[in-house]
Protein chains: 2
Amino acid sequence: MTRKEEIRLIALKLMKFHGFSGLTMRLLAKELGIEAASIYNHISSKDDILEQVCVDLATKFQSAVLEVNDIYFNAPEKLNILIKHHVNILCEDLNASSVFMHEWRYLKEEKRLEFIGKRNLYEQEIRKIIQLGIEEGHFNEVDTKFAAITLLSALNSVVEWYKPSGELSPEQVAQNLAQFVLTGLSKQKL
Amino acid sequence: MTRKEEIRLIALKLMKFHGFSGLTMRLLAKELGIEAASIYNHISSKDDILEQVCVDLATKFQSAVLEVNDIYFNAPEKLNILIKHHVNILCEDLNASSVFMHEWRYLKEEKRLEFIGKRNLYEQEIRKIIQLGIEEGHFNEVDTKFAAITLLSALNSVVEWYKPSGELSPEQVAQNLAQFVLTGLSKQKL
DNA sequence: GTGAAACTAACATACGTTAGTTAGTGATTA
DNA sequence: TAATCACTAACTAACGTATGTTAGTTTCAC
């Protein structure tokens, strides 16, 4: 691991706790055991760290959903696969995911708009899946925008509690989420 | 409306967009058409604004869930009522709710721990409802911690998209959420 | 002796906040 | 009626500190 990657890693860990504004270069330096100015031998700016992680994760999510929607499956299958991908991406680097979820609003104007664009595209592709499910007769006739946002919010909650040291693997979490989202809490006896 | 309330209102509106750290007293002052220092004739500190809204909303949520769990109902009924209360609280002041959701981590140590305590209590009470539902035979045998967090996350997504000018009333939103959470996306034909 | 990685010193700016003052308004009193 | 007082809400000026970042220099292993 290069020093640059090391810095990024610790920066994300701290950013998860203190938020983007709460993480100062001097705090980051202290954690690294060096002076704040020394950090600039490896990275170009504080904004850069945030930008990189946001663009990086947004791209991963985008690839995942486009891939799923490119292959022929029915909606429940698509949703299952997407949830698995989504959870895997989130769990791969929980600090990065947490920053991605909470700190994107501190991106500079241009990058922020770019980010929102990618996020909307992701939501749009999920709405397509839900719409498909309705047309197939697999899903209830819900409002696709409402359903997509609620679904995404449920999935993203994973970053708030998932511990790699815990009992569940990302695959099991994905399975639980899929069950929750598809069948809900109630037993089938309404 | 007193000047103090007016300041609080605009502060929350700005905080929703810029985050707690992104809202500076000088920006707030500009929006108010006065000087930054003048704000201190009405409020005691920037932290105070955050504290007030966090404590205020946390208390409301707490009252709601305790009330629901104090009355005798079965779990699906309790959940329905709680969701209605939850959404109503969120929609009452969307700016405040958004700040409550995203900026609580910027509370000072002491108040933050207090906040987390109240939040945990809320989660705990929801787990009780889910546990009750399982024992009654109404709910699937899910992990209550997982279910409570996922449920809460789904509910809280309301602050990200709800517009009072839109078609749906808070009651209708609550109904949609209840359906989503209880029966899921799938039609009952598994 | 070359390159990576740290250092010291400093700059310009931005921040929350305090202190002391002023302007206007409405009620009370001489 | 005119003068006094309290109150509200704004002002100017400034303080002390923190921030991201730079420029130039040193250290040290290969």
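Everything numeric here is computed off the predicted structure, so don't read it as measured data. To find a chain, count down the sequence lines: A is the first, B the second, and so on, and within it residues start at 1.
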Where the side chain of A:Ala37 is concerned, which of D:dT12, D:dG20, D:dT22 is the nearest nucleotide? D:dT22

Spacing between B:Glu35 atom CD and C:dA23 atom C1', to the nearest angstrom: 16 Å

Validation row: A:Tyr122, A:Leu82 side chains within 4.5 angstrom (heavy atoms): yes

Nearest whole Å is fine: how far is C:dT17 P from B:Asn41 CG? 14 Å

Modelled atom types, side-chain donor and acceptor of B:Asn69 and B:Glu125, under 3.5 Å: yes

Let me know, please, whether A:Gly22 or B:Arg26 comes out on the 5' side of the other along DNA chain D by nearest nucleotide. B:Arg26

Under-4.0 Å salt bridge between B:Glu31 and B:Lys13: yes

For A:Thr24, which contact category applies under a 4.0 Å heavy-atom criterion: base, sugar-phosphate, or nothing? sugar-phosphate

May I ask you to check if B:Lys46 and B:Phe20 form a cation-pi contact, with NZ or CZ under 6.0 angstrom from the six-membered ring centre and within 45° of the axis? yes

Figure out the CD1/C1' separation between A:Ile39 and C:dA6, and round it to whole Å. 12 Å

Scan A:Arg3 against the nucleic acid and name what it touches under 4.0 Å (heavy atoms): base, sugar-phosphate only, or nothing. sugar-phosphate

Are B:Ser38 and D:dC11 close enough that a side-chain N or O sits under 4.0 Å from OP1 or OP2? yes

Just to be sure I understand the rule, does A:Leu23 reach a base, reach only the sugar-phosphate, or reach nothing, if contact means heavy atoms closer than 4.0 Å? sugar-phosphate

A:Leu12 backbone acceptor or donor facing A:Asn95 side chain under 3.5 Å: no

Could you tell me the separation between the CG atom of B:Asp48 and the C1' atom of C:dT17, rounded to a whole number of Å? 13 Å

If I take atom CD1 in residue B:Ile34 and atom C1' in nucleotide C:dA23, what distance separates them, rounded to the nearest angstrom? 15 Å

A:Leu28 CG to C:dA6 P: how many Å, rounded? 12 Å

Separation of atom OH in B:Tyr40 from atom P in C:dG20, rounded to whole Å: 18 Å

Base, sugar-phosphate or nothing for A:Leu32? Non-hydrogen atoms, less than 4.0 Å. nothing

Under 4.0 Å between a side-chain N or O of A:His42 and OP1 or OP2 of C:dA6? yes

In this structure, how many angstroms lie between the P atom of D:dG20 and the NE2 atom of A:His18, rounded? 13 Å

